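Have a look at the structure below, then the notes.
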Amino acid sequence: MTTMRYQSTREPFGQGQGTVLPVALRRGLAPDGGLYVPRTIPPLTVAPFMAAARAPERLSTTATEVLAPYLSADLPMDEVSRLLEESLDFPVPVTDLDDHTKVLELFHGPTLAFKDVGARVLARLFAATSKPGEDLTILTATSGDTGGAVADAFHGVAGTRVVVLYPKGQVSDRQELQFAGLGGNIHAFAVEGTFDDCQRMVKEALSRTDLRADGNAGLQLTSANSISLGRLLPQVTYYVHAFRQLPTEQRDRVVFVVPSGNFGDLTAGLLAKFSGLPVRRFVAAVNANDVVPEYLASGVFTPRPSVRTLANAMDVGNPSNLERIRYLYREDIAALRRDVIASSHSDEEIRGAIRQVYDRTGRILDPHTAVGWLAWQAYRRQDPDAVGVLLSTAHPAKFHDTIEPILGLEIPVPEALQRALLRPNLSQPMSPTVEALFAVLEDYGK
Ligand SMILES: *Cc1c(COP(=O)(O)O)cnc(C)c1O
């Protein structure tokens with residue numbers, strides 16, 4: 001097996017300098033400001049066409065096969081399979097919505113969102129690749145969902161500590177308790193400012209290269225945001241997992257429908273396709289933040305400030321993973337247009353979709369999955385024999401504020417969330433300056 005290396009999107013395709021996984025994980029961004037990508041895309045060594053009846057039910061089994069070429073240069077395979085079993089210990093079922101629509105339920109992890117998949121594997125990859133005595137501090141700014149997934153994933157992981165910054169009073173009570181109630185190695189700070197302040201503080205702290213984990217520094221700062229390679233790679237695996245669960249006669253017309261914000265999830269799907277998974281097409285579903293559909297239509301990418309919508313984990317006006325997608329396609333927009341169809345949907349449509357799907361099927365979609373369903377309806381008109389696999393990215397109970405008034409019912413709270421709601425809120429206030437953040441970090445360095 002060739003040794004996998006990771007290079008920057010700003011280097012020529014497949015010809016970059018390349019670095020090993022532990023370094024790419026700790027750096028987050030490449031030194032030239034690009035994003036890390038695998039220098040070569042390994043062909044799938046798994047058999048995607050095995051009979052559905054024999055397909056492994058557990059995501060961790062397929063994940064071990066899919067990720068072997070990515071991880072085995074830096075980690076022994078028995079350790080890879082153990083860490084994936086530990087990380088991916090929840091069900092990821094594929095269920096039927098109607099005759100031509102399957103739902104890939106990615107929300108059965110501890111924080112009820114698909115981000116658990118990437119964050120939990122990332123946490124264990126940090127631990128598995130750590131040097132003796134390493135003491136990593138992971139900085140994360142959150143507007144809600146990411147903080148919960150990252151904090152929960154790293155809770156109790158040796159040699160790591162997480163600092164979550166979030167805008168005071170601007171995340172829901174349920175979201176706040178998912179990260180602020182954990183304690184131990186998880187430290188939550190309610191910043192007296194906006195999400196942008198939180199992001200700026202994290203960026204400024206990480207720009208101090210003398211404090212970063214890839215240097216020899218005392219503090220060893222790193223991040224776990226959605227550009228992290230360690231979150232991207234695990235997401236490739238559920239596309240293969242879902243494909244294997246489909247009946248053989250449907251496998252020549254599979255369309256994955258991906259609710260998208262920062263476009264990490266879609267990038268992972270495209271990696272699966274480049275590895276040989278025979279996907280007919282991807283439908284990228286976005287809310288009112290429509291810079292990517294606009295890019296596909298016009299060929300010009302114009303980032304904009306994000307606007308708030310009901311599907312708020314997808315409120316992104318400058319999706320960073322588009323850089324990875326353009327790299328993978330080597331700027332060949334015609335090829336990208338053949339593989340990816342995108343559409344944008346308003347809050348009013350989202351409300352209508354939640355209502356309609358519930359009335360027709362009895363299933364409650366969260367607002368993000370509802371955007372996916374809308375894009376799928378739009379796409380199907382031009383490709384009526386397609387079989388859609390709709391990625392369901394969050395459990396509706398996380399967004400009860402939005403859904404309950406639309407449907408006039410109460411959504412039962414799953415056990416994982418019930419437990420989180422019983423915890424005390426341990427967060428502390430912080431003023432919106434990088435000095436305030438450093439004052440806290442210096443204490444950890446001692
Ligand atoms: C983060 C998130 C998305 C968007 O995923 P990207 O990889 O950023 O495109 C969609 N739905 C939910 C619930 C999310 O938390």
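Just so you know, residue 1 is the first one in the sequence shown, and it goes up from there. All of these numbers come straight from a predicted model, not from anything done at the bench. Remember, it's 1-based here, ligands and their atoms both numbered in the order they're listed.
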Counting heavy atoms only, which part of A313 comes closer than 4.0 Å to ligand 1: side chain, backbone, both or neither? both
Is the F114-F107 ring centre distance short of 6.0 angstrom? no
Indicate yes or no: does R304 engage D290 in a salt bridge with an N to O separation below 4.0 Å. yes
Is the distance between the ring centroids of F274 and Y329 less than 6.0 Å? yes
Salt-bridged, R58 to D89, with N to O below 4.0 Å? no
So which protein heavy atom does atom 8 (O) of ligand 1 come closest to, and at what separation? N262 N, 2.8 Å
Does atom CD of Q382 have more than 12 heavy-atom neighbours, drawn from other residues, nucleotides or ligands, at distances under 6.0 Å? yes
Would one find an N or O of F263, backbone or side chain, under 3.5 Å from an N or O of ligand 1? yes
Pick from D145, T393, V292: the one approaching atom 11 (N) of ligand 1 most closely through a non-hydrogen atom: T393
Give the numbers and elements of all ligand 1 atoms closer than 4.0 Å to a heavy atom of H368. 11 (N), 12 (C), 13 (C)
What residue and atom, counting heavy atoms only, is the protein's closest point to atom 5 (O) of ligand 1, and at what distance? F114 CZ, 3.4 Å
Using distance alone, determine whether A113 and ligand 1 share an N or O pair under 3.5 Å. no
Using a plain distance cutoff, I'd like to know if G264 has any nitrogen or oxygen under 3.5 Å from a nitrogen or oxygen of ligand 1. yes
Kindly confirm or rule out an N or O of D265 lying under 3.5 angstrom from an N or O of ligand 1. yes
Any N or O on Q235 sitting closer than 3.5 Å to an N or O of ligand 1? no
May I ask you to list the atoms of ligand 1 that are less than 4.0 angstrom from any heavy atom of G261? 4 (C), 6 (P), 8 (O), 9 (O)
Please check: side-chain N/O of D366 versus main-chain N/O of T369, any donor-acceptor pairing under 3.5 Å? yes
Less than 6.0 Å separating the ring centroids of Y166 and F189? no
So for ligand 1, is D366 a polar contact partner (N or O within less than 3.5 Å, distance only)? no
In terms of its nearest heavy atom to atom 2 (C) of ligand 1, the top option of M314, K115, R231 is K115
Backbone N/O of T267 and side chain of N321: donor-acceptor pair under 3.5 Å: no
Using a 3.5 Å distance criterion without hydrogens, assess whether the side chain of T129 forms a donor-acceptor pair with backbone atoms of L125. yes
Per-atom filter on ligand 1: closer than 4.0 angstrom to a heavy atom of A394 are 13 (C)
